[in-house]
There are 2 protein chains.
Amino acid sequence: MTKKDEFDLQDFLPYLLNQAAEESSMAFQQVYKGRYGMLRTEWRVLFHLGNYGQMTAKEIGTRAKIHKTKISRAVRKLEQRRFLTRTKDEQDRRVEHLTLTSFGQAAYRDLHSVAQTYDQKLSALFPAAEAKMLRYMLRRLAGSE
Amino acid sequence: MTKKDEFDLQDFLPYLLNQAAEESSMAFQQVYKGRYGMLRTEWRVLFHLGNYGQMTAKEIGTRAKIHKTKISRAVRKLEQRRFLTRTKDEQDRRVEHLTLTSFGQAAYRDLHSVAQTYDQKLSALFPAAEAKMLRYMLRRLAGSE
DNA sequence: GGTTGTTAGTTACAAAATCAACTATTAGGT
DNA sequence: ACCTAATAGTTGATTTTGTAACTAACAACC
């Protein structure tokens, strides 16, 4: 309230992170939503499968910290729209392995290239060393290292 | 898919930003939810009013990039729970000025101090100069400078 | 080999976010 | 003054998320 209150909302890291995340994902959302009618979680699942290859729902959830119900619904939709297929694990039949169809892979490649371009555009806001530092700091804040 | 695919999901800025934002706001959510039963948008509105003083719904929405229906509902709840009051502008009667009650101010001060401590804890992950740089970069990514 | 505990994934119901349409008021042009 | 457009904020219908309870399969222990 007072002026000597040195802590401004604009300096609060969770707030800044949220604003930056929102801004950057909104721009990209238009692409996957517009071209493929995907929701955020669906896009994230697709990107994981495209990036890492065959995975289970659990693995995606753990790696991306997405709740399993969200994954479950995203997977169902992606399957219905022929982006991926499921195959039951032979050893452990609770587990399902998710694989992109060729259609899914094409969508991944398309979105991947847009993402890459967009990422370069964002990175270009800063000198290369700083952009690299930023990524490192974000990873630490996300708790993944 | 292949190994020479140099663009990893873990390097995609919107993804990293989202992960970091999610991680940091989840931790803080427990505080305002637990102590005051507030939702994310309510907390954000409260913080804006505490930080900048009297504002209109529109101003908060513009500054924080929150949709007006979210603000509208958050304001109603904060009013019902006596955190703030509304007064119609005399010149333009479409506009409502929002002000924290003393109860609202107390809640703000309480949460503010928790936020400040938490922010310091996050900042302490990095050398001071880098933490400062991080804030600057996030502000740029958020498009606010 | 049966009981208990755990894990992968789904489903049902409640809470919240989104989108479009709405009211009330002001602004601008003619 | 009158018609149209714009703005602040609200409401209702639909979509999406979150929470908890659930099924099915496996593991571990006695």
Side-chain angles (χ1 to χ4, degrees), chain A residues 18-19 21-23 25-27 29-30 32-34 36-46 48-49 54-81 84-99, chain B residues 18 21-23 25-30 32-34 36-46 48-49 54-81 84-99:
Chain A
N18 188 72
Q19 295 290 100
E22 207 53 33
E23 178 70 21
S25 52
M26 279 324 242
Q29 175 167 351
Q30 301 195 307
Y32 57 76
K33 197 175 174 182
Y36 301 97
M38 282 185 201
L39 258 28
R40 192 124 132 202
T41 310
E42 291 159 30
W43 142 250
R44 294 236 243 150
V45 168
L46 183 96
H48 272 81
L49 293 174
Q54 188 182 77
M55 292 180 87
T56 70
K58 185 72 209 297
E59 286 165 351
I60 298 175
T62 303
R63 198 185 284 256
K65 294 203 197 96
I66 303 175
H67 196 271
K68 58 183 181 173
T69 61
K70 268 168 119 175
I71 306 258
S72 175
R73 292 190 258 243
V75 166
R76 182 170 53 196
K77 231 174 208 164
L78 288 170
E79 187 192 29
Q80 283 169 353
R81 298 187 186 168
L84 60 79
T85 55
R86 327 187 194 205
T87 47
K88 280 218 183 290
D89 185 286
E90 280 307 313
Q91 271 65 50
D92 184 344
R93 276 176 329 205
R94 289 170 303 183
V95 175
E96 288 178 343
H97 298 283
L98 308 172
T99 322
Chain B
N18 187 74
E22 206 54 32
E23 179 70 21
S25 52
M26 280 323 245
F28 198 64
Q29 174 167 354
Q30 302 195 308
Y32 58 74
K33 196 174 176 185
Y36 299 98
M38 282 185 201
L39 258 28
R40 190 124 134 202
T41 310
E42 292 159 29
W43 141 250
R44 294 235 245 151
V45 167
L46 183 96
H48 273 80
L49 293 173
Q54 190 181 73
M55 292 179 88
T56 70
K58 185 72 209 295
E59 287 164 351
I60 297 175
T62 303
R63 198 185 283 257
K65 296 204 195 92
I66 303 175
H67 196 270
K68 58 182 181 173
T69 61
K70 266 165 119 176
I71 305 259
S72 175
R73 283 167 174 133
V75 166
R76 182 170 53 196
K77 234 177 205 162
L78 289 171
E79 188 192 28
Q80 284 169 353
R81 297 187 185 170
L84 61 78
T85 55
R86 326 187 194 207
T87 48
K88 279 216 183 293
D89 184 287
E90 280 307 313
Q91 271 65 50
D92 184 344
R93 276 176 330 206
R94 289 170 303 185
V95 175
E96 289 179 343
H97 298 283
L98 307 172
T99 323

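Order of the sequence lines sets the chain letters (A, B, ...), proteins ahead of strands, with each chain counted from 1. Bear in mind the structure is a predicted one, so any value in this text is a computation, not a measurement.
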>> What's the closest nucleotide to the side chain of A:K70 if the choices are D:dT17, D:dG9, C:dT10?
In response: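 The answer is D:dT17, which lies nearest to the side chain.
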
> Which nucleotide, C:dT11, D:dT11, C:dT25, lies nearest any side-chain atom of B:R94?
Replying inline: C:dT25

Determine yes or no for a side-chain-to-main-chain donor-acceptor pair under 3.5 angstrom, with [X] supplying the side chain and [Y] the backbone.
X     : Y     : result
B:R81 : B:G37 : yes
A:E22 : A:Q19 : no
A:S25 : A:A21 : yes

When you check the phosphate oxygens OP1 and OP2 of [N], does a side-chain N or O of [X] lie under 4.0 Å from one of them?
X     : N      : answer
A:T69 : D:dG18 : no
A:R86 : C:dA8  : no
A:R93 : D:dC26 : yes
A:S72 : C:dT10 : yes
B:K88 : D:dA8  : no

> Base, sugar-phosphate alone, or nothing: which one does A:L39 contact when heavy atoms must sit under 4.0 Å apart?
Replying inline: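 Sugar-phosphate, backbone atoms only, no base.
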
>> Considering every strand and a 4.0 Å limit on heavy-atom distances, what is the contact class for A:Q91: base, sugar-phosphate, or nothing?
In response: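 A:Q91: backbone/sugar contact only, no base atoms under 4.0 Å.
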
>> Quick test of your reading of the model: are B:E23 and A:K65 salt-bridged, counting only N-O distances below 4.0 Å?
In response: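 Salt bridge present between B:E23 and A:K65.
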
What does the list of N/O pairs under 3.5 Å between the protein and nucleotides 3-5 of chain D look like, with a distance for each?
none

> Going by number, which of residues 57-68 of chain B have a non-hydrogen atom under 4.0 Å from DNA chain D?
Replying inline: B:A57, B:K58, B:K68

Kindly give the heavy-atom pair with the smallest separation between [X] and [Y], and that separation in Å.
X     : Y     : result
B:M55 : B:E59 : CA-OE1, 3.3 Å
B:K70 : B:T41 : CE-OG1, 3.7 Å
A:T56 : A:L98 : C-CD1, 4.2 Å

> Please, which pairs that meet salt bridge (Lys or Arg N to Asp or Glu O under 4.0 Å) have at least one residue in residues 88-99 of chain A, sequence neighbours excluded?
Replying inline: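 Pairs touching residues 88-99 of chain A that pass the test: A:R86-A:E96, A:K88-A:E96, A:D92-A:R94.
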
>> On DNA chain C, compare the nucleotides closest to B:D92 and A:R73; which residue's is nearer the 5' end?
In response: A:R73

> DNA chain C: A:V75 or B:R40, which has the more 5' nearest nucleotide?
Replying inline: A:V75

> B:L78 CG to D:dG9 P: how many Å, rounded?
Replying inline: 15 Å

>> Do B:N18 and A:R44 make a side-chain contact, defined as non-hydrogen atoms from C-beta onward lying under 4.5 Å apart?
In response: yes

